[in-house]
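Notes for the one structure printed next.
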Amino acid sequence: MTDLKERIAAQLTAVRDRSLAYTAAEDDLLVRQHSPLMSPLVWDLAHVGNYEELWVLRAAAGITPLRPEIDDIYDAFKTPRRDRPSLPFLRPAEARDYIGGVRGRVLDVLDAVDLADPSPLRRDGFVFGLVIQHEHQHDETMLATLQLAGRPGVVRDGDLPPGLSEGPEEVYVPAGEFLMGTDSLPWAYDNERPAHRVDLPAYWIDRLPVGNAAYAAFIEDGGYHDARWWTPEGWRWRQENGVFGPLFWTREGGTWWRTRFGRTEPVPMDEPVQHVCWYEADAYARWAGKRLPTEAEWEKACGWDAAAGRARPYPWGEQDPTPELANLGHRAARPAPLGAYPGGASPYGAEQMVGDVWEWTATWFDGYPGFRAFPYREYSEVFFGREYRVLRGGSWAADPAAVRTTFRNWDYPIRRQIFTGFRCARTAAPEER
Ligand SMILES: [Fe+2]
């Protein structure tokens with residue numbers, strides 16, 4: 001096998017180990033719906049196998065469908081999450097059997113395939129990258145389900161580096177063009193393409209994500225009770241839902257507590273805030289005298305190397321993520337303390353842009369100029385418009401295989417169960433330029 005084939009095989013094994021670990025629980029936990037926002041865990045498990053069958057076995061290799069009768073059950077567009085418990089989905093033992101059967105054939109296809117084939121699905125192993133990233137994204141979704149279910153069982157919670165780095169509150173990004181998106185990363189999704197020049201005025205962006213201490217100060221200053229800081233939609237959302245702080249936070253005895261995978265603990269004030277929706281992030285930013293960065297501002301601050309005149313795949317450079325550079329891949333079940341990764345800083349000095357928490361941006365999810373849907377419209381294009389806000393950078397739960405400077409995630413502005421925080425930005429004043 002070639003190096004690339006070996007890497008693909010290793011990544012397929014690694015992601016499947018995670019999926020099976022997150023679903024190594026009693027059947028009742030797997031078939032139940034823990035929140036109308038989420039699918040039953042066993043639906044996610046068989047869905048990743050069905051997706052692998054559709055794309056690797058049928059689309060790329062032309063193999064006859066194994067179980068065409070279950071396609072509709074696992075088509076995310078046919079049944080919204082809230083209605084999935086009523087589907088006749090495969091029970092856990094059958095689901096494991098099915099995805100194992102698919103995977104065996106996928107490895108045979110990998111063995112036989114020519115990765116230099118000009119077919120866009122096969123070239124550079126794109127279709128394998130597609131299913132590996134897809135499964136990692138569902139694994140992160142499964143962790144969000146387990147958090148909503150209050151389940152510790154399968155959740156690792158290892159050590160993370162201490163928060164150390166000293167530095168300014170904000171870093172400066174001078175005016176100028178940068179190259180946004182990519183033409184060259186072989187496993188990048190359609191929505192990251194094509195690379196295009198974007199000219200931005202000078203701005204400041206927070207060196208670190210907003211922390212729990214700063215966020216608690218916003219709450220204590222009456223931030224949730226002052227319409228001034230909120231957009232009209234955000235204020236309506238806050239009032240209708242009686243929200244007073246991040247999801248999973250409670251106040252008792254003058255202390256903020258949070259529930260994390262079934263355990264209640266004091267909120268660690270030195271971690272980035274997570275489980276806030278776009279409306280909350282936007283209101284905080286206004287209270288702080290700033291705003292959310294646009295998606296372009298976020299990407300330039302993360303990866304643009306002005307001296308070299310090119311974009312880096314990660315803030316620190318070309319090197320794959322390691323535990324010393326970023327908090328990814330669920331080594332622990334939480335964001336690392338602020339300042340834990342000075343070695344992962346971007347050329348402009350922004351830290352923790354990759355890993356820890358997804359970061360809300362001010363931008364609606366849309367296609368770049370010259371966008372072309374590939375391999376199917378339902379991956380990205382049907383979500384374009386004014387419904388979803390872009391999230392960047394990946395969380396502690398995201399896998400390195402599905403995180404990079406150009407990677408784009410999106411969600412409704414009300415979503416809070418995802419592992420999401422934010423950082424702020426502001427346009428540089430004329431005297432600061
Ligand atoms: Fe999916």
Side-chain angles (χ1 to χ4, degrees), residues 11-12 14-16 18-20 22-23 30-31 33-60 65-68 70-85 87-90 92 95-96 98-100 102-103 106 121 126-146 148 187-192 330 358 365 373-384 387-388 390-391 394-395 397-399 401-403 407-412 415 417-420:
Q11 291 209 26
L12 283 166
V15 70
R16 183 54 49 84
R18 264 183 96 174
S19 307
L20 292 174
Y22 293 173
T23 52
L30 303 180
V31 301
Q33 188 176 44
H34 301 280
S35 155
L37 296 174
M38 311 306 276
S39 317
L41 288 162
V42 74
W43 184 94
D44 284 291
L45 185 67
H47 163 81
V48 300
N50 184 247
Y51 190 86
E52 201 167 295
E53 193 195 334
L54 289 176
W55 287 103
V56 179
L57 299 190
R58 297 190 210 168
L66 303 178
R67 305 264 322 242
I70 64 170
D71 288 352
D72 280 0
I73 300 174
Y74 295 107
D75 183 335
F77 285 89
K78 293 228 159 93
T79 317
R81 284 180 179 176
R82 112 181 71 79
D83 299 331
R84 288 179 194 162
L87 289 169
F89 53 77
L90 303 182
R96 289 184 194 108
Y98 167 62
I99 67 168
V102 171
R103 177 52 66 83
V106 165
L121 277 181
F126 177 86
V127 76
F128 298 98
L130 180 73
V131 301
I132 288 165
Q133 293 179 82
H134 176 254
E135 187 163 346
H136 276 303
Q137 289 168 284
H138 275 275
D139 285 353
E140 183 166 359
T141 301
M142 288 195 224
L143 276 178
T145 305
L146 289 161
L148 284 163
W187 287 4
Y189 284 116
D190 58 0
N191 64 51
E192 299 166 67
H330 184 195
W358 288 101
F365 185 51
F374 179 77
Y376 60 115
R377 282 192 68 239
E378 286 74 18
Y379 183 75
S380 305
E381 194 177 3
V382 298
F383 300 99
F384 289 168
E387 231 183 322
Y388 300 90
V390 173
L391 297 144
S395 75
D399 192 86
V403 172
F407 190 95
R408 308 172 77 198
N409 187 3
W410 63 93
D411 216 326
Y412 290 115
R415 283 292 180 259
Q417 86 278 10
I418 49 182
F419 306 110
T420 296

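One-based numbering, in listed order, for ligands and for the atoms of each. Residue indices begin at 1 and follow the sequence shown.
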Can Phe383 and Phe365 be said to form a ring pair (Phe, Tyr, Trp, His ring centres under 6.0 Å), step by step? CA-CA 7 Å; Phe383 300 99; Phe365 185 51; 7.2 Å; no
Carefully, step by step, assess Gln417 and Ser35 under the rule side-chain contact (heavy atoms from CB on, under 4.5 Å). CA-CA 10 Å; Gln417 86 278 10; Ser35 155; over 6 Å; no
Return the set of residues passing side chain to side chain donor-acceptor pair (under 3.5 Å) with Asn191 (not counting sequence neighbours), or none when no residue passes. Ser380
Taking the six-membered ring for Trp and the single ring otherwise, decide whether the centroids of Tyr22 and His330 are under 6.0 Å apart. yes
Are any of the side-chain nitrogens in Arg16 or Glu135 under 4.0 Å away from the carboxylate oxygens of its partner? yes
Which protein N, O or S atoms lie under 2.8 Å from the Fe ion (ligand 1), given by chain and residue number? His47 NE2, His134 NE2, His138 NE2
Kindly say whether Val106 contributes a backbone atom to a donor-acceptor pair with the side chain of Glu52 at under 3.5 angstrom? no
